[in-house]
Amino acid sequence: MTDIVKKAYAGTIESSDVYVELEPNEAGLDIRLESVVLSQFGDAIREAAIEVLEQFGVRNAKVKIVDRGALDCVIRARVEAAIKRGRGE
Amino acid sequence: MRRSLLFLPGNTPNIIINGDALGADAVILDLEDAVPPSEKDAARILVRNAISLMKFENCEVIVRINSLDTDYWKSDLDEIVPLKPDLIMPPKISCADDVSIIDSYIAELEKEFGIESNTVKLVPLIETAMGVENSFQIATASKRVSALFLGGEDLTADLRCKRTKEGNEIDYARKRMVSAARAAGVDAYDTPFTDVNDDEGIFADAEYAKSLGFTGKSSISPRHVAAINEVFSPSQKDIDHAYEVMEAIRIAKEQGRGAIALHGKMIDAPIVARAQQTIAMAEELLLMRGGRNE
């Protein structure tokens, strides 16, 4: 099983963290991103999230990301945690 | 060399990402008490990513996993062992069997991930009355054990007494654990001084721990790190004396003399050993300071 079966989230909106919320979706990845550094790092954040979603075989999901200046390793960790929770692992 | 070991909560990115810059010789990324049950999974992933993707150039990394009586410890090791942190700290270790259980599981993971056998080392956390009494057996239960670590808070709960700033209630445990660790040939680390606002108290507590033979001391606050580093570093006077001792030894050997005195005091084997330890530590500190400012 690779798709998200239930709404799940990981992370916080504290400084240097990122809040990631996943919900089941019918078709494709629908990513909404808010970030304090959107203009500078928006593409990199989105790219990191997509990489982790692909790594775990998630093709269909609504993804809400609220970034508070998280490092790449934190973004990847929160997306992974949200995926695992969304799958009920 | 680990003079100071600083606990950092494992699910708090803004603290972990600064861990390298807080002056501690080692940071302890905590998956246990600092993380609520609902966040154990997320913390484990975060700590794994932090270790694998961040550079901790100025400090060692220790991971405190969850205790054997939880459902988390194996999952913690699954994620952390492949990254080969400097040490893994299993909490609430009360007997040699506790170490053996963890040792066996780590051995399985080392084999699975192609890591050389016994690469991953342990610093068992002694924080029960049974653990204190079994300190030596714990320290010698596995080749992986490279140090013992005293946890005063849980210990006093187990002893059914109040934890005080003076620490009389943990005095026996401190002495027994240090003696056991030294008998086993491993290091000993002291419990944190928990009043983070007492800048004088930390000096006194660290001085006392050092006087008992502890290798270093832990902290729950970055504010205490500098004091701990200072206390557990040799003073310039100690270093000068150590070099004097070694020079006296060299001259005596050249002159074929057996009995050696310095400033009217006999130099015997323990004094030489202490001088060698002081010089080794001073040289290591010098190397470390090349990489960071203290």
Next item on the list: Walk me through it: do Ile45(B) and Arg78(A) pass the test side-chain contact (heavy atoms from CB on, under 4.5 Å)?
Entry: CA-CA 8 Å; Ile45(B) 296 168; Arg78(A) 297 318 195 186; over 6 Å; no

Start with the C-alpha gap between Arg85(A) and Asp41(B), add the side-chain angles, then the distance that decides, and say whether salt bridge (charged side-chain N to carboxylate O under 4.0 Å, His left out) holds. CA-CA 9 Å; Arg85(A) 288 174 177 180; Asp41(B) 58 340; 2.7 Å; yes

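- With values rounded to the nearest 0.5 angstrom, Ser16(A) atom OG is found 10.0 Å from Ile15(B) atom CD1.
- Within a 6.0 Å sphere centred on CG of Leu38(A), heavy atoms belonging to other residues, nucleotides or ligands number more than 12.
- The CG atom of Asp72(A) sits 12.0 Å away from the CE atom of Met54(B) when rounded to the nearest 0.5 Å.
- Atom CZ of Phe56(B) is surrounded by more than 12 heavy atoms from other residues, nucleotides or ligands within 6.0 Å.
- The distance from atom CG of Asp17(A) to atom CG of Asn11(B), rounded to the nearest 0.5 Å, is 7.5 Å.
- Within a 6.0 Å sphere centred on OH of Tyr105(B), heavy atoms belonging to other residues, nucleotides or ligands number more than 12.
- The 12-atom threshold is not exceeded at NZ of Lys62(A), counting heavy atoms of other residues, nucleotides or ligands nearer than 6.0 Å.
- Rounded to the nearest 0.5 Å, atoms CG (Leu71(A)) and CG (Leu53(B)) are 10.0 Å apart.
- The pair Arg44(B)-Glu80(A) fails the salt-bridge criterion, with no side-chain N (NZ, NE, NH1 or NH2) lying under 4.0 Å from an Asp/Glu carboxylate O.
- Heavy-atom pairs under 4.5 Å with chain B were tallied for Ser15(A), Ala82(A), Gly11(A); the largest tally goes to Ser15(A).
- Sparse packing is recorded around CD of Glu14(A), with 12 or fewer heavy atoms of other residues, nucleotides or ligands lying under 6.0 Å away.
- Side-chain atoms of Val74(A) and Asn49(B), non-hydrogen and from C-beta on, never get closer than 4.5 Å to each other.
- Atom CD of Glu116(B) is surrounded by 12 or fewer heavy atoms from other residues, nucleotides or ligands within 6.0 Å.
- Put simply, of Gly69(A), Ala70(A), Ala10(A), Cys73(A), the one with the most heavy-atom pairs under 4.5 Å next to chain B is Cys73(A).
- Atom CG of Asn18(B) sits in a crowded spot, with more than 12 heavy atoms from other residues, nucleotides or ligands closer than 6.0 Å.
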